[in-house]
Amino acid sequence: MSKKIYVGNLPWSATDEDVAELFSQHGDVISSRVITDRETGRSRGFGFVEMDESAANAAIEALNGVEMGGRALRVNEAQERKPRNSW
DNA sequence: GTTGAGCGTT
């Protein structure tokens, strides 16, 4: 199974790849996405990462507060946007 | 050529 992770306070220059590689250091990253403003195409400074449940928990604990590009990352379990049958 | 709390597209 997998779990969604919210990651905020990202530097403007951070990309999906940057987040993926950072999180992959603590587990297998299933998918990663940095949210960009669809109107301007610029980064909104936060994103989401999907990982295995245990890996996600480990990554949250390991990466929350870690500095990336001089900014302390906010890592937390994400709220799911589309609540789908998940059991 | 910018900005800074937040929970994203099918």
Taking only distance into account, with no hydrogens and no angle test, what donor-acceptor pairs under 3.5 Å do side-chain atoms of residues 10-22 of chain A form with protein atoms, sequence neighbours excluded?
residue	atom	partner	partner atom	Å
Thr15(A)	OG1	Glu17(A)	N	3.4
Thr15(A)	OG1	Asp18(A)	N	3.4
Thr15(A)	OG1	Asp18(A)	OD2	3.0
Asp16(A)	OD1	Val34(A)	N	2.4
Asp18(A)	OD2	Thr15(A)	N	2.9

Would you say that Thr36(A) contacts Arg38(A) through its side chain, given a criterion of any heavy-atom pair below 4.5 Å between the two side chains?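 Answer no - side chains too far apart.
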For residues Val7(A) and Phe48(A), determine if any side-chain heavy atom of one lies less than 4.5 Å from a side-chain heavy atom of the other.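 Not touching, per the 4.5 Å side-chain cut-off.
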Do we see Phe48(A) stacking on the base of dG8(B), given a limit of 5.5 Å between centres and 30° between planes?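 Ring-base stacking flag set for Phe48(A) and dG8(B).
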Could you state the [atom1]-[atom2] distance from [X] to [N], rounded to the nearest angstrom?
| X | N | atom1 | atom2 | answer |
| --- | --- | --- | --- | --- |
| Ile35(A) | dG8(B) | CD1 | P | 8 Å |
| Leu73(A) | dA5(B) | CG | C1' | 14 Å |
| Lys4(A) | dG8(B) | NZ | C1' | 9 Å |
| Arg42(A) | dG8(B) | CZ | P | 21 Å |
| Asp37(A) | dT2(B) | CG | C1' | 13 Å |
| Arg38(A) | dT10(B) | CZ | P | 9 Å |
| Arg44(A) | dG8(B) | CZ | C1' | 8 Å |

Among residues at least two apart in sequence or on other chains, which ones pass side chain to side chain contact (heavy atoms under 4.5 Å, CB included) with Asp28(A)?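 So Asp28(A) forms no side chain to side chain contact (heavy atoms under 4.5 Å, CB included) with any residue.
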Look at all strands and tell whether Glu77(A) reaches a base, only sugar-phosphate, or nothing, counting heavy atoms closer than 4.0 Å.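 The residue Glu77(A) makes base contact.
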Just to be sure I understand the rule, does Gly8(A) reach a base, reach only the sugar-phosphate, or reach nothing, if contact means heavy atoms closer than 4.0 Å?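 Contact class for Gly8(A): none.
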Residues in contact with DNA chain B, drawn from residues 64-72 of chain A - heavy-atom cutoff 4.0 Å: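 Nucleic-acid contacts, sorted: none.
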Give me the residues of residues 10-28 of chain A where at least one heavy atom lies under 4.0 Å from an atom of DNA chain B, by number, or none.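 The answer is Leu10(A), Pro11(A), Trp12(A).
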Side-chain N or O of Arg81(A) versus OP1/OP2 of dT10(B): is the shortest distance under 4.0 Å?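 Yes, because at least one side-chain N or O of Arg81(A) sits under 4.0 Å from OP1 or OP2 of dT10(B).
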Measuring to OP1 and OP2 of dG6(B), would you say a side-chain N or O of Arg74(A) lies under 4.0 angstrom away?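 Checking dG6(B) against Arg74(A), a side-chain N or O does come within under 4.0 Å of OP1 or OP2.
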Phe46(A) CZ to Asn9(A) CG distance, which is reported to the nearest 0.5 Å: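 Output value for this atom pair is 12.5 Å.
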Can you figure out which of dT9(B), dC7(B), dG6(B) approaches the side chain of Arg33(A) most closely?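 Nearest to the side chain of Arg33(A) among the choices is dT9(B).
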Throw together a table of side-chain donor-acceptor distances under 3.5 angstrom for residues 67-79 of chain A, partners on residues two or more places apart or in other chains.
residue	atom	partner	partner atom	Å
Arg71(A)	NH1	Gly69(A)	O	2.5

Compile the donor-acceptor pairs under 3.5 Å between side chains in residues 50-57 of chain A and protein atoms, sequence neighbours left out, one pair per line.
residue	atom	partner	partner atom	Å
Glu50(A)	OE1	Ser31(A)	OG	3.1
Glu50(A)	OE2	Ser2(A)	OG	2.6
Asp52(A)	OD2	Ser54(A)	N	3.1
Asp52(A)	OD2	Ser54(A)	OG	2.8
Asn57(A)	OD1	Lys3(A)	NZ	3.4
Asn57(A)	ND2	Glu53(A)	O	3.2

